[in-house]
Amino acid sequence: MPTRLLYTPIGILCNRDEQLSHFMKSKQYRRLVSQCKTYGRHQQMDRILADISRHFQYVTLSHRWGEGEPSLRDIEGHMIYGMSIKGGFGKLQAFCRVALERNYLWAWSDTCCIDKHSSAEVQETIGSMFAWYRQSALTIVYLSDVTDTAPLGSSEWFGRGWTLQELLAPRSLLFYIENWSLYKNSPSLNHKTDVTVLAELERETGIGRQFLTSFSPGLDDARLRLQWASLRRTTRPEDIAYSLFGIFNVHLPVMYGESAENALGRLLAEIVSQSGDISVLDWVGEVSPFHSCFPAHIMSY
């Protein structure tokens with residue numbers, strides 16, 4: 001579970017102690033304490049785990065970063081609903097409102113829920129992000145560049161590196177378009193179970209339906225996974241490798257400032273070392289300065 005979450009009823013960022021405090025002040029907590037007095041020990045534990053899991057369900061945001069995205073320091077100690085709606089602030093407010101409308105008390109965004117000035121926290125976040133999206137009750141994908149008449153594939157979201165794991169990891173996902181309405185006004189509670197949307201996703205990404213609906217992180221089909229990422233781009237070149245750590249379930253140091261070739265080389269070396277899969281050596285293009293067996297760029301796949 002992420003370290004920080006937005007409390008959607010009032011739009012304030014909470015650390016873990018504050019999240020626990022909100023729970024202990026809730027009607028749900030008081031009801032749980034009262035009811036547990038009538039249960040045996042095992043029933044108490046089952047009920048406590050169920051209620052805590054239900055209370056702390058959270059929604060994650062997946063989006064294309066734009067101008068003026070709010071940072072941790074911008075919103076810490078403030079209620080976001082009373083802040084400016086310019087740039088990413090309006091997007092964050094709309095995201096939290098949608099989460100609350102769907103009866104989720106907690107929400108997470110990669111813009112403001114991470115202390116990007118802490119290298120240790122950035123390392124932890126990159127290593128945990130796939131799991132956070134997988135464990136979320138729902139992922140809301142906001143496509144700011146898709147109108148009500150445009151197809152999903154017209155969005156830049158499909159060409160970004162980090163959004164690949166944000167597509168594959170969640171079990172439940174909904175696409176919202178420019179005006180914060182559901183894509184095609186679909187009544188579905190999960191677009192991963194919507195046959196029409198799934199067909200569009202397969203066509204746009206080249207990823208098979210079985211992977212879109214029940215993806216398992218790991219080293220299987222390594223070259224295929226690299227192909228999925230081969231036409232995607234990241235703002236920081238080295239992120240194209242870091243964004244795949246969760247997909248391959250590998251744990252490597254994040255070293256911002258290294259070359260993209262070095263970052264990709266470290267990833268490929270780890271894949272071969274752990275799996276023995278030499279299919280990743282089948283590529284066409286420029287040789288990497290990291291090792292002559294590896295490509296310089298992921299587009300070589």
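Side chains included, hydrogens not; waters and symmetry mates left out as well; all remaining heavy atoms used. Predicted, not measured: the structure shown is a model, and the values here were computed from it.
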- prompt: Does Ser84 offer a backbone N or O that forms a donor-acceptor pair with the side chain of Gln93 under 3.5 Å?
  reply: yes
query: Among the clusters formed by ILVMFWY side chains lying less than 4.5 Å apart, do Ile48 and Tyr29 turn up in the same one?
result: yes
- request: Answer yes or no: does atom CD of Glu67 have more than 12 heavy-atom neighbours from other residues, nucleotides or ligands under 6.0 Å?
  value: no
- request: Please examine the side chains of His63 and Thr111, heavy atoms only from C-beta on, and report whether any two atoms are closer than 4.5 Å.
  value: yes
message: Is there a side-chain contact between Glu286 and Glu261 in this structure, where contact means two heavy atoms from C-beta onward sitting under 4.5 Å apart?
response: no
statement: Residues Ala150 and Ser154: closest non-hydrogen pair is CB-OG, 3.7 Å
message: Below 30° counts as parallel, above 60° as perpendicular, anything between as tilted: where do the rings of Phe175 and Tyr183 land?
response: perpendicular
task: Ignoring hydrogens and angles, tell me if any N or O in the side chain of His291 forms a donor-acceptor pair with the backbone of Cys293 under 3.5 Å.
output: yes
- request: Please answer whether the main-chain N or O of Gln227 pairs with a side-chain N or O of Ser230 as donor and acceptor at a distance below 3.5 Å.
  value: yes
task: Before giving the answer on side-chain contact (heavy atoms from CB on, under 4.5 Å), spell out for Tyr242 and Val122 the whole-Å C-alpha distance, their side-chain angles and the decisive distance to 0.1 Å.
output: CA-CA 11 Å; Tyr242 303 161; Val122 169; over 6 Å; no
message: For a quick test of reading the model, state the closest non-hydrogen atom pair linking Val146 to Leu152 and the distance between them.
response: CG2-O, 4.2 Å
- prompt: How long is the gap from OG1 on Thr149 to NZ on Lys184, to the nearest 0.5 Å?
  reply: 11.0 Å
- request: State, to 0.1 Å, how close Thr3 and Trp132 come at their nearest heavy-atom pair, and which atoms those are.
  value: N-CZ2, 4.4 Å
field: Aromatic ring pairing Trp228/Phe211, orientation class (parallel under 30°, perpendicular over 60°, tilted between)
entry: perpendicular
query: Are side-chain N/O atoms of Thr163 and Ser62 paired as donor and acceptor at under 3.5 Å?
result: no
message: What I'd like to find out is whether the side chain of Met255 reaches to under 4.5 Å of the side chain of Glu238, using heavy atoms alone.
response: no
- prompt: Counting only heavy atoms not in Ile278, do more than 12 sit closer than 6.0 Å to its CD1 atom?
  reply: no
query: When hydrophobic residues are tied together by side-chain contacts of less than 4.5 Å, even through go-betweens, does Met24 share a cluster with Ile10?
result: yes
- prompt: Are Val98 and Ile177 co-members of a hydrophobic cluster defined by side-chain heavy atoms under 4.5 Å apart?
  reply: no
- request: Show your reasoning for whether side-chain contact (heavy atoms from CB on, under 4.5 Å) applies to Asp110 and Thr60.
  value: CA-CA 9 Å; Asp110 59 354; Thr60 47; over 6 Å; no
- prompt: According to the interplanar angle, ranging from 0 to 90°, do the rings of Phe294 and Phe290 count as parallel (below 30°), tilted (30 to 60°) or perpendicular (above 60°)?
  reply: parallel
message: Please say yes or no: joined through hydrophobic side-chain contacts below 4.5 Å, possibly via intermediate residues, are Leu167 and Trp65 part of one cluster?
response: no
field: side-chain contact (heavy atoms from CB on, under 4.5 Å) evaluation trace for Glu270 with Leu252
entry: CA-CA 8 Å; Glu270 187 70 10; Leu252 293 168; 3.8 Å; yes
- prompt: Can you tell me how far the OH atom of Tyr133 sits from the CG atom of Leu138, to the nearest 0.5 Å?
  reply: 11.5 Å
field: Tyr256 and Arg236: side chain donor to acceptor below 3.5 Å
entry: no
Nearest-0.5 Å distance that lies between atom CZ in Arg171 and atom OG1 in Thr193: 14.5 Å
query: Do Leu5 and Leu105 share a hydrophobic cluster (ILVMFWY, side-chain heavy atoms under 4.5 Å, transitive)?
result: yes
field: Beyond-backbone contact of Leu264 with Ile240, side-chain heavy atoms, under 4.5 angstrom
entry: no
task: Classify the angle between the aromatic ring planes of Trp180 and Tyr142 as parallel (below 30°), tilted (30 to 60°) or perpendicular (above 60°).
output: parallel
task: State, yes or no, whether a side-chain contact exists between Trp162 and Ile126 at a heavy-atom distance under 4.5 Å.
output: yes
task: Output yes when a side-chain donor or acceptor of Gln57 lies under 3.5 Å from a complementary backbone atom of Ala137, and no otherwise.
output: no
- prompt: Would you say Arg102 and Leu189 make side-chain contact, with heavy atoms under 4.5 Å?
  reply: yes
message: Could you measure the distance from the OG1 atom of Thr234 to the CZ atom of Arg160? Nearest 0.5 Å is fine.
response: 6.5 Å
- request: Ignoring hydrogens and angles, tell me if any N or O in the side chain of Ser300 forms a donor-acceptor pair with the backbone of His297 under 3.5 Å.
  value: yes
Closest non-hydrogen atom pair, Leu164 against Ala229: CD2-CB, 4.0 Å
task: Please answer whether the main-chain N or O of Gln210 pairs with a side-chain N or O of Ser214 as donor and acceptor at a distance below 3.5 Å.
output: yes
- request: Mind checking the OG-CE spacing from Ser136 to Met1? Nearest 0.5 Å is all I need.
  value: 11.5 Å
field: Minimum-distance pair of heavy atoms, taken over all atoms of Gly246 and Gln165
entry: CA-OE1, 4.0 Å
message: Counting neighbours of CD1 on Ile85 that are heavy atoms of other residues, nucleotides or ligands and sit closer than 6.0 Å, is the number greater than 12?
response: no
query: In Å, rounded to the nearest 0.5 Å, how long is the span from OG1 of Thr8 to CD1 of Ile80?
result: 9.0 Å
task: Would you mind checking if Asp145 and Arg64 are paired as a salt bridge, meaning a charged N to carboxylate O distance below 4.0 Å?
output: no
- request: Could you pull out all residues at least two apart from Glu258 that satisfy salt bridge (charged side-chain N to carboxylate O under 4.0 Å, His left out)?
  value: Arg266
message: Is it the case that the side chains of Ser71 and Asp74 hold a donor-acceptor pair, with the cut-off being a distance below 3.5 Å and no angle test?
response: yes
message: With a 4.5 Å cut-off on side-chain heavy atoms, are Ile75 and Phe89 touching?
response: yes
- prompt: Side chain of Thr125, backbone of Glu121: donor and acceptor closer than 3.5 Å?
  reply: yes
- prompt: Given side chains that start at C-beta, do those of Phe215 and Ile247 come closer than 4.5 Å, heavy atoms only?
  reply: yes
- request: Heavy atoms only: give me the nearest Ile140-Ala99 pair and the separation to one decimal.
  value: CD1-N, 4.4 Å
task: Answer yes if the side chains of Gln19 and Tyr58 hold a donor-acceptor pair under 3.5 Å, and no otherwise.
output: no
query: With no hydrogens and no angle check, is any side-chain donor or acceptor of Glu69 less than 3.5 Å from a backbone partner on Gly66?
result: yes
- request: Could you check Leu182 against Tyr176 for side-chain contact (heavy atoms from CB on, under 4.5 Å), going step by step and ending with a plain yes or no?
  value: CA-CA 5 Å; Leu182 276 169; Tyr176 282 78; 3.6 Å; yes
message: Test your reading of the model: is there a side-chain donor-acceptor pair from Arg4 to the backbone of Cys112, 3.5 Å cut-off?
response: no
- request: Please answer whether the main-chain N or O of Arg209 pairs with a side-chain N or O of Thr213 as donor and acceptor at a distance below 3.5 Å.
  value: yes
